[in-house]
Protein chains: 2
Amino acid sequence: MKAKITLKKIAKGFDVSISTVSKALKDSHEISEEVKERIQAFAKYYHYKPNSLALNLRNQKTKTIGVIIPQIVHHFFSKVISGIEHIANEKGYNVMICLSNESYEKEVLNMDMLASGVVDGIIVSVAKQTEEKGDYTHFKELINNGIPLVLFDRKIDEIQCNKVLVDDFGGGYIAAQHLIDIGCKKIAILTTPNHVTVGNIRLEGYIKALTDNNMLVDESLIVKVIEDHDIADQIKEIFRKSNCPDGIFAVNEIYAATAVKIAKNKGLNVPNDIAIMGFTDGLISQFSSPQLTTVAQHGFTMGEKSMEILLEELNQQDTDYQYQTNIISTDIVIRESTKKTN
Amino acid sequence: MKAKITLKKIAKGFDVSISTVSKALKDSHEISEEVKERIQAFAKYYHYKPNSLALNLRNQKTKTIGVIIPQIVHHFFSKVISGIEHIANEKGYNVMICLSNESYEKEVLNMDMLASGVVDGIIVSVAKQTEEKGDYTHFKELINNGIPLVLFDRKIDEIQCNKVLVDDFGGGYIAAQHLIDIGCKKIAILTTPNHVTVGNIRLEGYIKALTDNNMLVDESLIVKVIEDHDIADQIKEIFRKSNCPDGIFAVNEIYAATAVKIAKNKGLNVPNDIAIMGFTDGLISQFSSPQLTTVAQHGFTMGEKSMEILLEELNQQDTDYQYQTNIISTDIVIRESTKKTN
DNA sequence: AAAAATCACGAAAACGATTTCGTGTTAATA
DNA sequence: TATTAACACGAAATCGTTTTCGTGATTTTT
């Protein structure tokens, strides 16, 4: 393990002071051309790099932002990260990604770590367990400490900060409306338990679309999938009912793809016997067969927007800075799984 | 923006020295119980957290490791990250993830950033562009600077360091052998251009399996897909040939799923007319129809192993430390796309 | 009562870099 | 020749923390 090269060592080598070396490397006019050249050449040869820790400590900023996401094996979050990275790199910021694995405890741990001076600001999508627990003190502490925070994807009214959200309500609405438009009469929804905000809001959009079309909301067609249990088993339930649906709106790709698989196993034709669509335009939707109609939620744009807002907050000086909530609209991507051919 | 609380400020408040505060917070026996209690209570109330930058600077270590991956929207890399995180968290390390987007320039940038003192060690999967360029000076510099490095997934013989690799040769071999076993006579391979090492090695495994079984290697059945062009167009070529294959081994999920789609469009039955299999057991393989037989490369295990080796190197004192290359074996996951029913 | 030990705390160095403010030497000006 | 710039560099503070080494003031021991 070779010792890293520092200003001090260069100074000793040239028998000058540390300040001289520092200035020489910054090409200061205070230093003679001859000394500058020699020092610069030496530094270049040995690949001298100023120590970031020292710089950050002195400048009281790190040019790094932290991101805490619940999962990484997930198309949407990957896209958001890409969007964040895109803007961050443009503006010369580094990105530190942490995973909470949907766990409250890991979220708190990650946040503590990030808040201890290693980043200038933080972007978070709240873990499901935190939503369930409803304990947001770690966020409030962060804000109290004056560290800019942007929340994305999951809507938490209890925290006052900048937010970037998906238009889950609108997404749920256009999904249901699409199924209605193609002639579905009995539309089921595969959603998440109540504490998962995004699923809940999509459900609300679905309900609104149904009532706007004078359709009854049948509780038996609303399936709240619990992730601890076998997902397929829970989805199968809906096919057993005497009132088997002719359309299914799933609030994510996995549920949608699973529903398709079950339907096909039951001998049903998708989309002719039953139309099925999902949420999130990921790889599963694109590659499953039939290809899935879905609501695209533009993760990349969300990441970009989150980073832009964070930068805004980082650069603002106003005492009366106003937090904003940005809603990213959704689009429907129509594919085979809802294109009836008869 | 509230000012952060520091030892200095606490010291001023209590009219004691900084050292006293520091010791009081560490419950040192040098400080009287009374003073300790008061300072500790104050610190707790105001959520005092030692500044990481200062600590890292003093301790000359950050308890953070950096990871540079080419892509994040990719099941395999996501899995690797999860594995790295798993071990890192167990050992009290933080993980900083950077994306190179397969770009040489971004890889160098990220590495420079990480090498400037912010991490204790680095785990990298080399960008395709770097492989193509063949310029590994930034890696050599890193090693020269004494920063532990672990390379994973992509095999770079030019760099001397710890490595964790997929058994791509074995994977290619068992894939081809499997197709042979189920009776395929003309087996095509969809692989990557020569400079992408993993694709290349999988191709070698495929060739070895064929020759071991006394089968001819038909150059016209080896398709090297160029990612700049339309992937589907290039894959379609193989179906046009007079000698259309009865088995396809694709070196990744996307190629495999695309091949399946094309085959189905041509009216071919998968697997009966043509068996198709991929590499990487990701979501596409699991959810496409028919479900894809594939070679699982255990990304999670690779991540864990990479982190373990990095920790080993971080903790070693030996002057004659020996680098190791760890090969993670692959498994074949047989699904519908190669299960002939006739 | 003198010597030694303990107590409770402060001063200062160290990590690595930047930057302000000197300061001694030479060169230009009056 | 005396004064003033200009030049080329060094000392020291600063960022926040830990830690070693003092050092006065008690307290204990002889």
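The chains referred to below are lettered A, B, ... by the order of the sequence lines, with proteins before strands, and numbering in each begins at 1.
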Mind calculating the distance between [atom1] ([X]) and [atom2] ([N]) to the nearest angstrom?
X	N	atom1	atom2	result
A:K61	D:dC15	NZ	P	16 Å
A:I18	D:dA12	CD1	C1'	11 Å
A:Y48	C:dG16	OH	P	10 Å
A:L53	C:dC15	CG	P	14 Å
B:N56	C:dA17	CG	C1'	16 Å

Does [X] place a side-chain N or O at less than 4.0 Å from the phosphate oxygens OP1/OP2 of [N]?
X	N	result
B:K8	D:dC15	yes
A:S19	C:dT19	no
B:S22	D:dT18	yes

Next item on the list: Record whether the side chain of B:K23 comes under 3.5 Å of the base of C:dG10 through a donor-acceptor pair of N or O atoms.
Entry: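 Pair found.
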Next item on the list: Check if the side chain of B:T20 and the base of C:dA8 share a donor-acceptor pair of N or O atoms closer than 3.5 Å.
Entry: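 Answer no: no donor N or O sits under 3.5 Å from an acceptor.
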Next item on the list: For A:K49 and B:N145, run side chain to side chain contact (heavy atoms under 4.5 Å, CB included): C-alpha distance rounded to whole Å, both residues' side-chain angles, the deciding distance at 0.1 Å, then the answer.
Entry: CA-CA 11 Å; A:K49 290 254 175 52; B:N145 274 316; 5.8 Å; no
Among the nucleotides [options], which one has an atom lying closest to any side-chain atom of [X]?
X	options	value
B:Q60	C:dA17, C:dC15, C:dC9	C:dC15
A:I31	C:dG16, C:dG10, D:dC9	D:dC9
A:R58	D:dC9, D:dT19, D:dC15	D:dC15

Notebook entry, point to check: Can you name the closest pair of heavy atoms from B:K61 and B:D120 and give their distance?
Noted result: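 Heavy-atom minimum between the residues: CA-OD1, 3.4 Å.
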Check: Between A:Y323 and A:I143, what is the shortest heavy-atom contact and its length?
Finding: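 Smallest interatomic distance, heavy atoms only, reads OH-CG2, 3.9 Å.
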Check: Side chains of B:K4 and B:N51: do they bring a donor and an acceptor to under 3.5 Å?
Finding: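 The criterion, which ignores hydrogens and geometry beyond distance, is not satisfied for B:N51 and B:K4.
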Check: With a non-hydrogen cut-off below 4.0 angstrom, is B:L55 in contact with a base, only sugar-phosphate, or nothing?
Finding: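 Sugar-phosphate only.
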